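Take a look at the structure below.
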Number of protein chains: 2
Amino acid sequence: MIEKRNTVTIKDVARELGIHHVTVSRALRNTGSVKKETRDQIKKKASELGYKPNRLAQNFRNKRSNVLAVVVPDLRPYFFSKFVSDFMNIAQEAGYSVMIFQSSEKTGVEKEIIDALIGYRVTGVVASVTKDTVYESHFNILRDENIPYVFFDRAPEQAEATQVLVNNFQGAYEAVVAMIKSGKRKIAYISTHYQHKIFRDRLDGYKQALKDNNLPYIKELVIKGGFFMNDGFDQAKKLMDLKEKPDGILAVRDEIGIGVIKYLKKIGFRIPEDVAVIGFDNDPMGVACEPELTTVAQSIPSMVSSSFDLLIRQINSNTLSFEKKIIEPSIIYRGSV
Amino acid sequence: MIEKRNTVTIKDVARELGIHHVTVSRALRNTGSVKKETRDQIKKKASELGYKPNRLAQNFRNKRSNVLAVVVPDLRPYFFSKFVSDFMNIAQEAGYSVMIFQSSEKTGVEKEIIDALIGYRVTGVVASVTKDTVYESHFNILRDENIPYVFFDRAPEQAEATQVLVNNFQGAYEAVVAMIKSGKRKIAYISTHYQHKIFRDRLDGYKQALKDNNLPYIKELVIKGGFFMNDGFDQAKKLMDLKEKPDGILAVRDEIGIGVIKYLKKIGFRIPEDVAVIGFDNDPMGVACEPELTTVAQSIPSMVSSSFDLLIRQINSNTLSFEKKIIEPSIIYRGSV
DNA sequence: GTGAAAGCGCTAACAT
DNA sequence: ATGTTAGCGCTTTCAC
């Protein structure tokens, strides 16, 4: 059975020293004026007794936790796990704790998460929304509670909040141009069923690049499907069964792109000689396949530091602002184009 | 500038209704006895006013948060991001929030995290320790505070706490046997510099399998290096530069195994005909490469559910127990053996 | 430089 | 079924 909890409080420390607990509080937080001698004595005794500040009490009293929240649709894809990992490191460095939430791409869960965020009075929120989150409405509740938030990568449309986004249009545009430059003329586009703007932007970039290079937009070459490697495999089959086969394929995710490569190799096409392939996300998985996958990369470290800085600025200035930071992607050339 | 925070408390709800705030508290938590009529009225008014329970106050008052903590060395490797993702899902389902911490493989950070855990009075902890954490000592502080914890995958040696571990010895053993069965006789072993027991167990399994099959243990065929794909690449080069080249390679991580495959293909060896390769972890990345990597897989869902169940049992029974759950790994045959 | 008083929002225990 | 009391551990404000 559990034994008595021997939680040490500032009052215990105070009693031991025959002083007032308020003085202990002051000393331990290095605020107010406490004689150096007393302060040292207090700190010594506190660590001697194994005093650990009760954050629950502190947070309650201060009406705010020291917690930053990160909300992502799914923690497993490389982009998100890397973002979260990096974000945690710089947040912890700066003295914040981090709570992570996963919406599983469900708007309903996202709403519950926001209620929890308010309940916990988190200090700030960094969020990437679900594929279906079109409106900012449920995030507005945070604003009512004066909890600053910034969106990264995926924001609601017309969000009136600070955002750190990738220029997806440009990324897709450049990827298509890269294939055109290497001599490709019939470039296909594989997307997911997800409706979020980032995917529409990529499609727009694709279309514009074709247009600017006097290439026709062929409806059959634009298809949508699932999110994973096997989906890419299946989509590639559909594309290569066409009478007018593509000689280049842009996939909205690296995983999909890898599935494409696997199918192409299976049916004996050479990459990039017969068909070029480009993906999105700079997933390390792209290095595992052969040829290595050329990809449109967004700089995660700069997204992390922008998100963090913009959030902290709002927290410290006690204002809710609306800034838009656009990260320009770049193509990482490997072997598939 | 920030406008006045309009935080609604139970007292506000009570005042509006001309009743006592304790009744509101009872009604909202569905405890004690409150007339159904009153209860309904209260709930209606509460949601009307947009009341959100102040978790900070609740947790403080209850002396415990409703938070489960997960501590991992690094969030990015597939094994950990998948574990955390799954764990969060079932924890959220059960009404807990989750805080995630990353030790970055540093014992010092791990200690700080534990202090934070105590400060936040988390309800329970699930942890996988750093590569250098040999002793349980800093976790014992949690026990003093009656915070239950369970280790998963990586535990301190001789930990006196509940653990969910993988039978690493067996995994390595079977992997070697698999290669022997396919006719390999000179099997190499690539590990990391990490000292943690899980890697030593794998090495032991490797040795035992050789022994049981009357194969000599050749020192030169066992090498250690980094953690990543390029490290595997480099190690493979060393191995294949040997006069006595191996015809099978067991790598302690899939990423390393993929690096090995890349090197072997580069210098023209066929896989698995000339050299077989097996990795550990069932990282989806292994499906991206060619041939697809055969791997020793631990079932992450069962690790998650065991960890969660064992933790919750301790929380609910108010006891700290010491159980050891061993998950048996299995080999997933793909193309590299 | 230190102490005394008050209260954050909530809930357990007791009283009615 | 509802109300009263008290206090969790801490920090802010004001007094000395």
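Side-chain atoms are counted along with the backbone in the values below, which use heavy atoms only and exclude waters and symmetry mates. A quick note: this is a predicted structure, and the numbers were derived from the prediction, not measured.
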- Message: It should be established whether B:Gln58 places a side-chain nitrogen or oxygen under 4.0 Å from OP1 or OP2 of nucleotide C:dT11.
- Response: yes

- Query: A:Tyr51 side chain: which of C:dC10, D:dT11, D:dC10 is closest?
  - Reply: D:dC10

- Side chain of A:Ala57 only, please: which of C:dC8, D:dT11, D:dC10 is the nearest? D:dC10

- Item | Selection from C:dT11, D:dT2, D:dT12 that lies nearest to any side-chain heavy atom of B:Ser33 | D:dT2

- Message: Which residue is it: B:Ile90, B:Ile312, B:Val164? I am looking for the one with a side chain to side chain contact (heavy atoms under 4.5 Å, CB included) to B:Ser307.
- Response: B:Val164

- Message: So, OP1 or OP2 of D:dG3: does either fall under 4.0 Å of a side-chain N or O from B:Thr23?
- Response: yes

- Out of C:dA12, C:dT2, C:dC8, minimum distance to the side chain of B:Arg61 belongs to C:dA12

- Item | Closest listed nucleotide, where the reference is the side chain of A:Thr9 and the choices are D:dT2, D:dC10, C:dT11 | D:dC10

- Task: Kindly point out which of D:dG9, D:dT2, D:dT12 is positioned nearest to the side chain of B:Lys35?
- Result: D:dT2

- Task: Using a cut-off of strictly less than 4.0 Å, decide whether A:Arg29 has a side-chain nitrogen or oxygen near OP1 or OP2 of D:dT12.
- Result: yes

- Message: On the nucleotide D:dG9, are OP1 or OP2 found under 4.0 Å from the side-chain N or O atoms that B:Lys63 carries?
- Response: yes

- Message: Nearest heavy atom decides the nucleotide; on that basis, is B:Val34 or B:Asn62 closer to the 5' end of DNA chain D?
- Response: B:Val34

- Does a distance-only test, which skips hydrogens and angles, find a donor-acceptor pair under 3.5 Å between the side chain of A:Arg26 and the base of C:dG3? yes

- Query: Does any N or O donor sit under 3.5 Å from an N or O acceptor when you compare the side chain of B:His21 with the base of D:dT4?
  - Reply: no

- Only residue of B:Val122, B:Leu68, B:Val67 satisfying side chain to side chain contact (heavy atoms under 4.5 Å, CB included) with B:Tyr96 is B:Leu68

- Message: At 4.0 Å (heavy atoms only), tell me whether A:Leu56 reaches a base, stays on the sugar-phosphate, or touches nothing.
- Response: nothing

- Message: Is B:Ser25 close enough to C:dC10 that one of its side-chain N or O atoms is under 4.0 Å from OP1 or OP2 there?
- Response: no

- Respond yes when some side-chain nitrogen or oxygen of B:Thr38 is under 4.0 Å from OP1 or OP2 of D:dT2, and no when none is. yes

- Task: Carefully, step by step, assess B:Thr133 and B:Thr130 under the rule side chain to side chain donor-acceptor pair (under 3.5 Å).
- Result: CA-CA 5 Å; B:Thr133 301; B:Thr130 76; 2.7 Å; yes

- Message: Under 4.0 Å, counting only non-hydrogen atoms across every strand here, what does A:Asn59 touch: a base, just sugar-phosphate, or nothing?
- Response: nothing

- Taking atom CD of B:Glu157 as the centre, report whether more than 12 heavy atoms of other residues, nucleotides or ligands fall under 6.0 Å from it. yes

- Nearest to the side chain of B:Val22, which nucleotide is it out of C:dA13, D:dT11, C:dG3? C:dA13

- On a heavy-atom basis, the closest approach of A:Pro73 and A:Val129 is CG-O, 3.5 Å

- Would you please confirm or rule out a distance under 4.0 Å between OP1 or OP2 of D:dT11 and any side-chain N or O of A:Thr31? no

